[in-house]
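Below: the structure, in structure tokens.
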Amino acid sequence: MFEKTYDAAAIEPRIRNVWQEAEAFRAGAGAERDAETFSIVIPPPNVTGSLHMGHALNNTLQDVLVRFERMRGKDVLWQPGTDHAGIATQMVVERQLAAEGAPTRREMGREAFLDRVWQWKAESGGAIKGQLDRLGASCDWSRDRFTMDEGLSEAVLTVFVRLHKQGLIYRDKRLVNWDPKFLTAISDLEVESKEVNGELVHFRYPLAGKTFDPDDPSTFIVVATTRPETMLGDTGVAVHPDDERYTDLVGTKVVLPLVGREIEIVADAYSDPEKGTGAVKITPAHDFNDFEVGKRNKLDLINVFDEQAAVSLKGNEAFLAGLDDAALAALIDALDGLDRFEARKWIVARMEEGGYLEKIEKHVHQVPFGDRSGVPIEPFLTDQWYVNAKRLAGPAMDAVREKKTQFVPANWEKTYFDWMENIQPWCVSRQLWWGHQIPAWYGPDGKIFVERTEADVRRQAELHYRESVTFAERDEALAAWERGDGGAIVLYRDEDVLDTWFSSALWPFSTLGWPERTPELRRYYPTSVLSTGFDIIFFWVARMMMMGMHFLNREPFETVYIHALVRDEKGAKMSKSKGNVVDPLELMDEFGADALRFTLAAMAAQGRDVKIAKARVQGYRNFATKLWNAVRFADMNACRIDPNFDPNSVETTQSRWVLTEATRAGEQVTEAIEAFRFNDAAAAIYRFTWNTFCDWYLELAKPVLMGEDCPEKTEIQATTAYVIDEILKLLHPFMPFLTEELWTVTAEQSGIKRDTLLVHARWPHAGYTDDTAAAEINFIVDLVANVRSVRSESNVPASLEAEIVVVGGAQRHEDWLFRHDAAIRRLARASAVSVSDVAPPNSAQVVVGDVVVCLPLEGLVDLDAERTRLSKEVTRIEKDIQKIDGRLSNPKFLEKADAETVEEQRDKRQEAEARLIKLNAAIGRLDPVA
RNA sequence: GGGCGGUUAGCUCAGCUGGUUAGAGCGGCUGGUUUACACCCAGUAGGUCGGGGGUUCGAAUCCCUCACCGCCCA
């Protein structure tokens, strides 16, 4: 019936099935009639992804919220799904093709390749969904969505076309972050800058009209660069306008070595007089800053690289303009097609030969890398599609300013605002195949048609050209334009796709059916909470805010909960290369999903990183076992659920006490979850279960449970079963599997049928309290704890039962002692408990509240040790009293502290004083009566 | 360079809006086959709350400053 330990591996799959068959997580399942809604959209993991600690944490917290609200009777939707992860997915499939020796993406063509990706997705995509299920995430899997789904793709098309018509999406030629490995543009956010030990190369650029002499500084100007190879595309040299060293040179020209182009020296504040020589070479086509300088000073743009960041000079019109091809033949021959880093070496060597190299310094500087490809990004001049993020950011910022959306913890607002205020145009086109193809078609006259469908484009184009149009692939279309044949106008569609985050930005409403006006959209939008890591604020939160505000005119979520980053035990960021990755799946295998969940929740204090340690997970696995055994114990003692149990008719004090504590624990858990203080919630239920219910209630109950049948026993049995039910409910959001299992088992053992699964059971409502019971039980607990402590300090052998004599008690103490006699004897290992007016001689004594508890231990008590022990406490209390007196005698304290605090101090003093008197009396009794 | 956060017991961390004997888990030590649980029980040691200054009757908590650590953005 009950195994000795909880076997997570055996039980979890079974419970998962129970939930699945009951469709327990379906939107609205278990809700009260006319319930408020509570909705969360999952931050969609990559379809290529697998569960890591960050997912485990984030989804545990979401699940805690979702299960909590579901139990409170709300109409809950937790919307799951995955995103299509453009680059990552394309990479996975291309790697697979390579491994099979199959034709490459380009060889097989777009259509065939996309078929392959869909095939891959069907076979092995979305593994993470099963892993989330394993974790116990109670998402409505029947509503699973994917960013490339038909509906979501429809939303993408609608948004793109509308934004374009509103002028908020446009095509522009600018420098982009170009990834030379994946051959696509990426956004600013996908670039990671890393510190690199590089070189600062100082070149001498000869002044035009002078004869270059390496030994005569008046014949050249020295420029420093970390990227010597870009000198091929230099179109200027900049010096600071206030830099007197160069004032005379501004407006004159230098001759670019090796190339021979004459370029101008311009004055521009971008140049930092303190850095290097104060003169910098300007390559507007290959550097973001230089681009701006070039624009200000009307310098030419010369692109000298191809898509793969290899030097491209042959037939490069911009480069060759104004130069003598013949003279450059050797240079072009040597460099053309050479990788940028090879070209760097070659150029530095040639410059040195020509005497143009002044020096090379070691130099630490920041280099941008593609976060997926890991190769240095090349600023590259291309045509791309941009979203006017600045315009969209306004309302998105207002929503937060007006507290329609609140960040928790609130300080993340600052990060959000900082970024939003300095937002740059968002480059949304990607030179990939896997993704939403941009709905833009090009005509021979340069006209661009942006429409949702080809049919719409045809209509627009025929109006525009007043001729019939046909569609073709890009190459064919270009060829047709070239030929200029009469007849139909040929259009081709933009080959690029949209950034994955573009579709993710629509997630809170596209998953609910938008642009259709669905009931779900009306019901669940705006969503209640978005939970995510801070690293995603820019990528995702900000963009969802922009899109939500723009298209629905409502913020997409009421609260943005930003959780901590999960780190390893030592606080280092987990990464595959460091090998310090802790795999949540392994932890679940070893300790169970519940233990992992509880650990993550318990460690999710706001504003702090979560450092995951195996010992913690193990500790909470032990907690699961503890509860399991408590229930097992209850079962062995015939604690059956009484469907008619009414706390208000309970009479035994310890039961009234534990019911009060249960209420308190319930309030604490509720308040903590409402405030997103998951760690406090976890701690509250842990404490109540272990330290209150198991350690004291069950222990106090044992003598009764093991005794004869009587009304008191019946009541304690029923209370035990009732409190276990309360614990199961409060713990369920954190440990759903264990609690659901126990919910079933306890019902079976009690021979009752539950109205619902635990997942739909009603959350405990604050009800029962009895403050008077506390005094009695606290006294007993105190007494037992003190006796145990004294016994241990006096080295009383564990096997020896000592007598307990309570001195100085009132009638109520006597009642209490009588009532709990058996429990005290058991817990404090006493042979008898009695009351007396005088302390027995040779006793170990301890002050408990208002009474002195004596252990007459003839022959066992070391009087000197006793005196020391008691004196130590006297000293401590005297110090306390001194401190309190210090406060109370300070007129300013009396004047300024609030009355309550003063009263508190007075009470404290009185208590201490009373205790002191008792202690001194006890010490006095140790002296032999002369 | 700008911004954010951290520094509390050997370790990992709580401690919200100032008044507690500064807590928990793990680990340590001592003792325990008490008919739920050794994934357990009982007891116990261990902290001048990073340094300095200030505000206050009163500071781990608020302010300033320094040091160190981490992250984000340039």
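A/T625 comes within 4.0 angstrom of a nucleotide base, judged by non-hydrogen atoms across all strands. Residue contacts for A/S789: at a heavy-atom cut-off of 4.0 Å it reaches the sugar-phosphate backbone alone, with no base atom in range. At the heavy-atom level, A/R788 lies under 4.0 Å from the strands shown only through sugar-phosphate atoms. Base contact: A/R829 has a heavy atom under 4.0 Å from a base atom. Residue contacts for A/E699: at a heavy-atom cut-off of 4.0 Å it reaches a base atom on one of the strands shown. Heavy atoms of A/R791 sit nowhere under 4.0 angstrom from any nucleic acid atom. Within the 4.0 angstrom heavy-atom criterion, base atoms lie near A/K702.
Checked by atom type and distance alone, the side chain of A/N629 pairs as donor or acceptor with a backbone atom of A/T625 at under 3.5 Å. Judged by distance alone, with hydrogens and angles left aside, the side-chain atoms of A/K908 form no donor-acceptor pair with the main-chain N or O of A/I884 at under 3.5 Å. A donor-acceptor distance shorter than 3.5 angstrom exists from the side chain of A/N422 to the backbone of A/D418, with no hydrogens or angles considered. The closest donor-acceptor contact from the side chain of A/S789 to the backbone of A/A785 lies at 3.5 Å or more, if one exists at all.
Below the 3.5 angstrom threshold, one finds a donor paired with an acceptor across the side chain of A/K626 and the base of B/rC37. For A/R621 against B/rC39, a side-chain N or O and a base N or O form a donor-acceptor pair under 3.5 Å.
When each of A/G619 and A/T901 is assigned the nucleotide of RNA chain B with its nearest heavy atom, A/T901 is the one assigned upstream, toward the 5' end. Judged by closest nucleotide on RNA chain B, A/N637 is the one of A/N637 and A/Y6 placed further toward the 5' end.
Taking atom CD on A/E413 and atom P on B/rC4, their separation rounds to 14 Å, with Å as the unit. To the nearest angstrom, P of B/rA45 lies 7 Å from CD of A/E793. The separation between A/Q424 atom CD and B/rA74 atom P is 9 Å, rounded to whole Å. A/Q618 places its CD atom 20 Å from the P atom of B/rA24, with the value rounded to the nearest Å. Atom CZ in A/R677 sits roughly 11 Å away from atom P in B/rU17 (whole-Å rounding). Atom CG in A/D695 sits roughly 12 Å away from atom C1' in B/rA36 (whole-Å rounding). A/Y416 places its OH atom 18 Å from the C1' atom of B/rG3, with the value rounded to the nearest Å. One atom, CH2 of A/W690, and another, C1' of B/rC40, lie 8 Å apart when rounded to the nearest Å.
Comparing the same atom, C1', in B/rG18 and in B/rC40 gives a spacing of 41 Å after rounding to whole Å. Separating the C1' atom of B/rA60 from that of B/rA22 is a span of 8 Å, rounded to the nearest Å. Using atom C1' as the reference point in both B/rU21 and B/rG27, the two lie 24 Å apart (nearest Å). Atom P of B/rG58 sits at a distance of 14 Å from the matching atom of B/rU20, rounded to the whole Å. Between B/rU30 and B/rU48, the two P atoms lie 25 Å apart (nearest whole Å). The same atom, C1', is picked in B/rC66 and in B/rG10; the two are 28 Å apart, to the nearest Å. Nucleotides B/rU7 and B/rC37, compared at atom C1', are 39 Å apart to the nearest Å. Comparing the P positions of B/rG43 and B/rC11 gives a spacing of 26 Å, expressed to the nearest Å.
Looking at the side chain of A/D418, the nearest of the listed nucleotides B/rA14, B/rG3, B/rG31 is B/rG3. Among the nucleotides B/rA14, B/rC4, B/rG19, the one closest to the side chain of A/K414 is B/rC4. Each of B/rG32, B/rG19, B/rA36 was ranked by its minimum atom distance to the side chain of A/A630; first place goes to B/rA36. If you check B/rC37, B/rU35, B/rC41 against the side chain of A/M706, the one that comes closest is B/rU35.
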Take A/S655 and A/Y697 through the side-chain hydrogen bond (donor to acceptor under 3.5 Å, both in side chains) test and state the conclusion after the steps.
CA-CA 8 Å; A/S655 296; A/Y697 183 72; 2.9 Å; yes

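Stem regions for RNA chain B, each three or more consecutive Watson-Crick or G-U pairs with both distances under 3.5 Å and listed by first number, read B:1-7 with B:67-73, B:10-13 with B:23-26, B:28-32 with B:40-44, B:50-54 with B:62-66.
For A/H286, the ring-ring contact (aromatic ring centres under 6.0 Å, His included) partners at least two apart in sequence or on another chain are A/F305.
Between B/rC40 and A/N622, a contact under 4.0 Å exists linking OP1 or OP2 to a side-chain N or O. Residue A/K908 places at least one side-chain N or O closer than 4.0 Å to OP1 or OP2 of B/rU21.
Counting heavy atoms of neighbouring residues, nucleotides and ligands inside a 6.0 Å radius, atom CD of A/E421 exceeds 12 of them.
Relative to the ring axis of A/F633, A/K702 places its NZ or CZ within 45° and under 6.0 Å from the centre.
Ionic pairing of A/R915 and A/E911 is not present here: no N-O contact between side-chain nitrogen and carboxylate oxygen is shorter than 4.0 angstrom.
The six-membered or imidazole ring of A/F407 lies away from that of A/Y561, with a centre-to-centre distance of 6.0 Å or more.
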